[in-house]
Protein chains: 2
Amino acid sequence: MAAKRSEELLKELEHDILTGTLTPGMKLDEKSLTERFNVSRTPVREALHKLASIGLIDILPRRGATVRKVGLKELIEMFEVMAELEGLCGLLATQRMTNDEVQNLRHRHEDTYILVENGQYDTYYDANVLFHECIYKGSHNNFLAEQTMNLRNRVAPYRRIQLRTPRRLETSFAEHEKILHAIEARDAEQTSELLKSHVTVQQGSFNNFISTLPMDLLRDGS
Amino acid sequence: MAAKRSEELLKELEHDILTGTLTPGMKLDEKSLTERFNVSRTPVREALHKLASIGLIDILPRRGATVRKVGLKELIEMFEVMAELEGLCGLLATQRMTNDEVQNLRHRHEDTYILVENGQYDTYYDANVLFHECIYKGSHNNFLAEQTMNLRNRVAPYRRIQLRTPRRLETSFAEHEKILHAIEARDAEQTSELLKSHVTVQQGSFNNFISTLPMDLLRDGS
DNA sequence: GTGTCACGTTTTGTATACAATTTTAAAAAA
DNA sequence: TTTTTTAAAATTGTATACAAAACGTGACAC
C-alpha cells in the first residue's frame with residue numbers, strides 16, 4: 001500500500017498487539033518507536049494512524065497513542081456483529097464451496113486432532129484461525145472474508161485470554177466437527193447457526209468468557 | 001482523533017467523494033491539495049492515508065492516490081455484506097427500540113412524504129439516510145451502527161447514481177412504510193427480511209442497479 | 001514512421017527543524 | 001501539609017528540506 005518502511009512497522013506493531021506483547025492500555029510514544037525501528041517520526045506516525053483507523057489503538061490529539069481499551073459494552077457489541085458475519089460466511093460457504101474446498105477443510109480439521117490430544121494451546125489457536133479463515137474464503141466473497149478477519153483481529157487481544165479454559169480445546173474441536181458436518185451436508189442454515197453460537201458462547205456461556213477477562217484490560221466503568 | 005487540520009481535510013475530501021464531486025478514478029496528488037487547503041504535505045498525507053484505510057481511495061507506492069474504483073464483483077460482495085448488516089440492525093432495532101424511538105421514526109418517515117410528492121430527489125436522499133441511521137442506532141449496538149454506516153458510505157458513490165430511476169422515490173417510501181410497520185408490530189424477523197431486500201434490490205431487481213451504472217466508474221475488466 | 005533509450009522533470013518517501021500544547025515538577029502561598 | 005501557580009521539559013502537530021523512484025519528453029537508431 002503506502003511506504004515500504006511504514007508498512008513494516010504497521011505489520012510488526014499489529015502483530016505485537018494481536019499476540020499480546022502490547023496489551024490494551026499501553027502507551028505508544030513516537031520517540032521510543034523511532035529508536036526501536038531506527039526510522040524517523042514520519043513513518044512511525046503513518047503506521048500509528050493506520051493502526052488507529054483499523055481500530056487497534058486510540059490516538060488522542062496532542063496526547064499520544066495507546067493500545068485500545070475496549071469497554072465491556074463495546075466488546076459485547078463487537079461479538080454480536082462478529083457472530084453475524086461469521087454466520088454469513090458459513091451460510092455462503094455451505095452454498096458455494098466446491099467439493100475440493102470442503103475436502104481440504106476436513107483434512108485441515110483432522111490434522112488438528114493431534115494438537116488437541118497433546119494440549120498444544122498456542123499451535124491449536126493458530127490452526128483454529130486457519131480453519132475459520134478457510135470458511136471465510138469459502139464464502140467466495142472476498143470483501144466479507146476481509147471484513148470478518150479484520151473484526152476477528154480487533155477482538156483477538158481479548159480472545160487469547162480464554163485460551164486455557166479447561167477442556168477448551170476438546171470443545172472447540174467437537175464444535176468444528178459439527179460445523180464441518182453441516183457444511184458437508186450442505187445445510188447452510190445449520191452451518192450458520194452453529195457458527196453464530198460457536199463464535200461467542202463456545203461451550204457453556206458468554207458469561208464464562210466475560211468472567212475470566214482480566215478487568216484491567218477493559219475501559220474504566222465496565 | 002488526530003490533528004485538527006488533517007481532520008478537516010479528511011472530512012472535506014470524504015464529503016467530496018461521497019457527494020460525487022470527486023468520482024472514482026480521479027487522481028489526488030498531494031501538491032494540488034496543499035495548494036487547495038493551504039497546508040503542508042504532512043496533514044495532506046495523513047488525511048489521504050485515513051481515506052485509504054476507510055477504503056475510499058487507493059494509494060499505490062510511489063504512484064499516488066486515486067479515488068477508489070470498485071470492481072463489479074467487489075461491489076456485489078459489498079452489497080451482500082451490507083444487506084446482512086442492515087438486516088441485523090433491523091432485527092435488533094425491532095427488539096430493542098423504545099416506543100418513543102419507534103414513534104420518532106414514524107414521524108421522521110411521514111415528514112418525507114412531501115419530498116416524494118414534490119420529487120425532491122436530493123433532499124429525499126438525505127432524509128433516507130437519516131431514516132436508516134435511526135434504525136442503526138435503534139439496534140442499541142453502537143459498534144454495529146458505525147460499521148453499517150461506514151459500509152454505507154463506501155458504496156455511496158455508486159448508490160447516488162441510481163437516484164433518478166423512475167418512481168424510485170415512491171417505491172422507497174412504500175418500502176419504508178412496510179419496514180416501519182414491521183417494527184411497530186415488533187416482528188423482528190420480517191423487519192430483517194424487508195431491510196435485506198430493501199438495501200439492494202429496491203423495487204425491481206439488482207440487475208437494474210447494475211445496468212444503470214456508468215461503466216467508467218468501475219474497475220477495468222468488470 | 002516506429003521503437004527504444006536517456007535525461008530531465010515531477011512526485012512520492014523519509015528525515016529533520018520548528019511551533020504549539022500538554023504534562024510534570026517544583027516552588028510558593030494558604 | 002495541601003493547594004495553586006508557574007515555568008521547564010517533553011511530546012505532538014506542522015512545515016520544509018533532501019533522497020529516491022516514476023513519468024514524460026525528446027532524440028537517435030533502426
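FYI, side chains are in, hydrogens and waters are out, and symmetry mates aren't considered; it's all heavy atoms of this structure. To find a chain, count down the sequence lines: A is the first, B the second, and so on, and within it residues start at 1. Note that this is a predicted model, so its numbers are computed, not measured.
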**Fill in**
In B/S/- notation (B base, S sugar-phosphate only, - none; protein heavy atoms under 4.0 Å), nucleotides 6-11 of chain D written 5' to 3' is -----S
**Candidate list B:Ile135, B:Leu105, B:Leu92, test side chain to side chain contact (heavy atoms under 4.5 Å, CB included), partner B:Met97, passing option** = B:Leu105
**Item:** Interatomic distance, A:Glu46 CD vs C:dT14 C1' [rounded to whole Å]
**Value:** 9 Å
**Fill in**
Hits for side chain to side chain donor-acceptor pair (under 3.5 Å) against B:Asp100, two or more places apart or cross-chain, chain-then-number order -> none
**Message:** Measuring from the side chain of A:Arg45 (C-beta onward, heavy atoms only), which nucleotide among C:dA15, D:dA15, D:dT12 has the closest atom?
**Reply:** D:dT12
**Item:** A:Leu48 CG - D:dG13 C1' separation (whole Å)
**Value:** 14 Å
**Item:** Nucleotide D:dA21, atom C1' - distance to CZ of B:Arg62 in whole Å
**Value:** 5 Å
**Asked** With sequence neighbours left out, what residues match A:His109 under side chain to side chain donor-acceptor pair (under 3.5 Å)?
**Response** A:Glu177
**Asked** Taking CD from A:Glu7 and P from C:dT14, how many angstroms apart are they, rounded to a whole number?
**Response** 10 Å
**Prompt:** Please, which pairs that meet side-chain hydrogen bond (donor to acceptor under 3.5 Å, both in side chains) have at least one residue in residues 142-152 of chain A, sequence neighbours excluded?
**Reply:** A:Tyr136-A:Arg152
**Asked** Rounding to a whole Å, what distance do you find between B:Asp58:CG and C:dT12:P?
**Response** 15 Å
**Item:** Results of side-chain contact (heavy atoms from CB on, under 4.5 Å) for A:His140 - residues two or more places apart only
**Value:** A:Arg96, A:Glu101
**Any residue meeting side-chain contact (heavy atoms from CB on, under 4.5 Å) with B:Arg63, in chain and number order, not counting sequence neighbours** = B:Leu60
**Asked** Using a cut-off of less than 4.0 Å, is there contact between a side-chain N or O of A:Ser40 and OP1 or OP2 of C:dA15?
**Response** yes
**Request:** State which of D:dG13, D:dA22, D:dT16 makes the closest approach to the side chain of B:Arg41.
**Result:** D:dT16
**Asked** Rounded to whole angstroms, how far apart are CG on A:Leu33 and P on C:dT14?
**Response** 15 Å
**Prompt:** Rounded to the nearest Å, what distance is computed from the CG atom of residue A:Leu9 to the C1' atom of nucleotide C:dA15?
**Reply:** 14 Å
**Item:** Ion pair A:Arg45/A:Glu30, N-O distance below 4.0 Å
**Value:** yes
**Prompt:** Taking for each residue the nucleotide of DNA chain C bearing the nearest heavy atom, is the 5' side occupied by A:Pro43 or by B:Ala65?
**Reply:** B:Ala65
